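Notes follow the structure.
Please read these numbers as outputs of a predicted model, since none were measured by experiment.
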Amino acid sequence: MLFRLSCSIVLFAVVAAPAVASAADEVSFNRDIRPLLSNNCFQCHGPDEAHRKADLRFDTEEGVQAAFEGGLDFSEAWFRITTDDVDERMPPASAHKELKPDEIALLKRWIEQGAPWEGHWAFITPRKAELPAVKHQDRVANPIDAFILQRVEAQGLSPSEPADRERLLRRVTFDLTGLPPTLEEIDDFINDQSPNAYEKVVDRLLASEHYGERMALAWMDAARYGDSSVFHADGHRDMWAWRDWVINAYNDNMPFDRFTVEQLAGDLLPEATLEQRIASGFHRNHGTSDEGGAIAEEYRVEYIVDRVKTTGNVWLGLTLECGQCHDHKYDPLTQREYYQLYAFFNNAADPGMQTRRGNQTPTVAIE
């Protein structure tokens, strides 16, 4: 169930979050306010300690609360943003930045709502949004339609007419399998006048082996999948068994927690099966090298760095790379925490220098 919901959840989140809050919306700090502060204020009042002025920060909860304490009547930050005194007004002229009237109005509404803070999006529990009211209620066939119609109507546009049955079938078939429908499938759908004809098509496509192949594409990209070594001569290696495991996981509707555990540590599970050991190939997808003159230890470290980065990007919703050199400015991660995570992965048995003649040990024998 989790896999088939995942695409809808992502689309729902994208559609449900307009770029700027409308007059009737609750202002969101992450969506509406943080970008304004980042673009106009972080240069002098952000995470960079070397350039920070007045010991004031807009990138932390404590700093924001202190700056806007007192609301519109007593907030020093609000006074500086709205004053006509060019010597007092922020951002200063020397910054070559200026808050536009609609941006100031958005800040005003946010302050009137109590200037609520929101932390990093990766740590906020997703919640189901309430459906917006729309004029064309008869066009709402599912919750996503309501959010699309809200944006269409806000722009003074009218929704397009429903697609004809052949076009609708082509769209859903390409979406779920990456393949066009056959002539027979088109004829069957056009001639099926039952009220659940579309639902039957969707069920058929979800049951197709091509569904897993289509859905796995995005995961292949996130996991940096490839059947070659990437660096230098880009030699051959076999990772197809891991690819097939992912495809089968989608087709079997594997629960996401199991999907996670088996890819990160399938080989460490008690009495691990061959399939679980194959699943742990997730962290053997990184690029490798056998270039002459390369320093083996340097590349071994590079492989560990890649695993840390990929784990952060894919599983944590965080970009961890900056932590290699300094405390992260925008993701909530210190350099010390980065190397604690690095140490977790720094026990791999594979050597720094690989081979272009096939997979480097340790390997899993597949018959």
Which atom names give the shortest non-hydrogen contact between [X] and [Y], and what distance separates them?
X: Asp227; Y: Tyr225; result: OD2-OH, 2.6 Å
X: Ser208; Y: Thr177; result: OG-CG2, 4.5 Å
X: Arg165; Y: Asp192; result: NH2-O, 2.7 Å
X: Ser28; Y: Glu118; result: OG-OE1, 2.9 Å

Step-by-step side chain to side chain contact (heavy atoms under 4.5 Å, CB included) determination, Glu321 to Gln324: CA-CA 6 Å; Glu321 299 93 299; Gln324 291 175 242; 4.1 Å; yes
Asp290 side chain reached by Phe231 side chain, heavy atoms, under 4.5 Å: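 Result no, sub-4.5 Å side-chain heavy-atom pair not found.
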Close side-chain approach of Tyr198 and Leu168, heavy atoms under 4.5 Å: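 SC-SC contact between Tyr198 and Leu168 confirmed.
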Pairs meeting criterion ring pair (Phe, Tyr, Trp, His ring centres under 6.0 Å) with involvement of residues 261-280, two or more places apart: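 Residue pairs passing ring pair (Phe, Tyr, Trp, His ring centres under 6.0 Å), neighbours aside: none found.
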Pairs meeting criterion ring pair (Phe, Tyr, Trp, His ring centres under 6.0 Å) with involvement of residues 65-104, two or more places apart: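 Qualifying pairs: Phe58-Phe68, Phe68-Trp110.
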Distance-only side-chain donor-acceptor flag, Glu153 / His136, under 3.5 Å: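 Yes, side-chain donor-acceptor contact under 3.5 Å.
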Heavy atoms from other residues, nucleotides or ligands near NZ of Lys135 exceed 12 (cutoff 6.0 Å):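 Incorrect, the count does not exceed 12.
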Trp245 and its ring pair (Phe, Tyr, Trp, His ring centres under 6.0 Å) partner, picked from Trp219, Phe259, Tyr250: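 That would be Phe259.
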Contacts table for residues 298-306: side-chain donor-acceptor under 3.5 angstrom, sequence neighbours left out:
from: Arg300; atom 1: NE; to: Glu297; atom 2: OE1; distance (Å): 2.9
from: Arg300; atom 1: NE; to: Glu297; atom 2: OE2; distance (Å): 3.4
from: Arg300; atom 1: NH1; to: Asn346; atom 2: OD1; distance (Å): 2.8
from: Arg300; atom 1: NH2; to: Glu297; atom 2: OE2; distance (Å): 2.9
from: Arg300; atom 1: NH2; to: Asn346; atom 2: OD1; distance (Å): 3.2
from: Tyr303; atom 1: OH; to: Ser289; atom 2: N; distance (Å): 3.1
from: Tyr303; atom 1: OH; to: Gly352; atom 2: O; distance (Å): 2.6
from: Asp306; atom 1: OD1; to: Arg224; atom 2: NE; distance (Å): 2.9
from: Asp306; atom 1: OD1; to: Arg224; atom 2: NH2; distance (Å): 2.9

Tyr338-His328 aromatic ring centre distance below 6.0 Å: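 Between Tyr338 and His328, the centre distance exceeds or equals 6.0 Å.
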Point-to-point distance, once rounded to the nearest 0.5 Å, from CZ of Phe42 to CG of Asp48: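 It comes to 12.0 Å.
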